[in-house]
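Okay, so here's the structure we're looking at.
Along the sequence shown, residues are numbered consecutively beginning with 1.
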Amino acid sequence: VQLQASGGGLVQAGGSLRLSCAASGGTLNLYSVAWFRQAPGKEREFVGVTSWGGGVTNLADSVKGRFTISRDNAKKTADLQMNSLNPEDTAVYYCAATRGRFSSGHNSLHPNIFPYWGQGTLVTVSS
């Protein structure tokens, strides 16, 4: 499956942004889709995942209550809605996919679990 992330941009603190991950070359309903982010000089950080086959969604503690993940299997997209953004959310955001499934409670996943990656989209939050 090939992934393409889009929707990044510049937003003021407190604002919102919606990222989209579009899949091609496969059936998205058989893949779990995650979002990661990487700020300059930092390691890639798990943001959240939507698991296939049951609708389970897990989010990192740092974004709970502000970010949500949704998926539309028919459109082959998985979106990351980001609200109440702050400068610490500035990063390149990546979507990734795996055939694995996740139960609730997985609020931190390692990037190595995901073999398929999009190219990343930059989100900049100004103060």
Side-chain angles (χ1 to χ4, degrees):
V1 65
Q2 292 81 47
L3 305 174
Q4 183 169 359
S6 62
L10 174 64
V11 63
Q12 289 188 333
S16 298
L17 210 57
R18 188 177 184 90
L19 306 183
S20 185
C21 180
S24 61
T27 304
L28 189 63
N29 59 330
L30 296 179
Y31 290 85
S32 295
V33 179
W35 286 92
F36 288 82
R37 65 186 181 184
Q38 189 164 18
K42 294 188 177 181
E43 294 185 350
R44 195 162 294 190
E45 175 190 22
F46 172 78
V47 174
V49 64
T50 170
S51 184
W52 69 273
V56 172
T57 299
N58 296 306
L59 293 166
D61 290 342
S62 59
V63 304
K64 278 181 182 176
R66 301 188 299 124
F67 292 11
T68 58
I69 295 178
S70 60
R71 63 189 294 158
D72 187 327
N73 289 331
K75 294 182 179 179
K76 296 186 178 182
T77 58
D79 291 354
L80 177 67
Q81 177 65 43
M82 306 185 294
N83 300 325
S84 301
L85 286 162
N86 58 63
E88 290 70 38
D89 295 315
T90 294
V92 177
Y93 283 71
Y94 300 89
C95 60
T98 181
R99 288 296 305 273
R101 294 171 63 176
F102 303 95
S103 58
S104 59
H106 287 86
N107 61 354
S108 182
L109 295 174
H110 197 282
N112 287 351
I113 295 174
F114 297 85
Y116 307 102
W117 288 84
Q119 84 286 7
T121 184
L122 176 62
V123 173
T124 303
V125 184
S126 63
S127 57

(message) Please say yes or no: joined through hydrophobic side-chain contacts below 4.5 Å, possibly via intermediate residues, are L3 and Y31 part of one cluster?
(response) yes

(message) Do F67 and I69 land in one hydrophobic cluster if side-chain heavy atoms of ILVMFWY residues count as linked below 4.5 Å?
(response)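 In one cluster: yes.
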
List the atom of [X], the atom of [Y], and the distance in Å for their closest heavy-atom pair.
X	Y	result
D89	R66	OD2-NH1, 2.7 Å
A78	V33	CB-CG1, 3.7 Å
V1	A97	CG1-CB, 4.4 Å

(message) List the residues meeting side-chain hydrogen bond (donor to acceptor under 3.5 Å, both in side chains) with N29, not counting sequence neighbours, and say none if there are none.
(response) none

Look at the side chain of [X] and the backbone N and O of [Y], then say whether any donor-acceptor pair between them is shorter than 3.5 Å.
X	Y	value
W52	R99	yes
T90	V125	yes
Q119	A5	yes
R101	S32	no

To the nearest 0.5 Å, tell me how far [X] [atom1] sits from [Y] [atom2].
X	Y	atom1	atom2	answer
T68	L59	OG1	CG	7.5 Å
N58	S108	CG	OG	10.5 Å
N112	T98	CG	OG1	11.5 Å

(message) Measuring only between side-chain heavy atoms, which start at C-beta, is L80 closer than 4.5 Å to R37?
(response) no

(request) Report the residue from K75, K76, R71 that forms a side chain to side chain donor-acceptor pair (under 3.5 Å) with N73. (result) R71

(message) Apply the hydrophobic cluster definition, ILVMFWY joined by side-chain contacts under 4.5 Å directly or through others, and give me every member besides Y94.
(response) F36, F46, V49, V92, F102, L109, I113, F114, W117, L122

(request) Verify the neighbour count for atom CD of Q4: are there more than 12 heavy atoms of other residues, nucleotides or ligands below 6.0 Å? (result)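 Not buried by this count: 12 neighbours or fewer within 6.0 Å.
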
May I have the list of side-chain donor-acceptor pairs in residues 7-25 shorter than 3.5 Å, sequence neighbours left out?
unit_1 : atom_1 : unit_2 : atom_2 : d
S16    : OG     : N83    : OD1    : 2.9
R18    : NE     : D79    : OD2    : 3.1
R18    : NH1    : Q81    : OE1    : 2.9
R18    : NH2    : S70    : OG     : 3.3
R18    : NH2    : D79    : OD2    : 3.3
S20    : OG     : D79    : OD1    : 2.8

(request) I would like to know whether S62 and E88 meet side-chain contact (heavy atoms from CB on, under 4.5 Å); could you show each step before the answer? (result) CA-CA 10 Å; S62 59; E88 290 70 38; over 6 Å; no

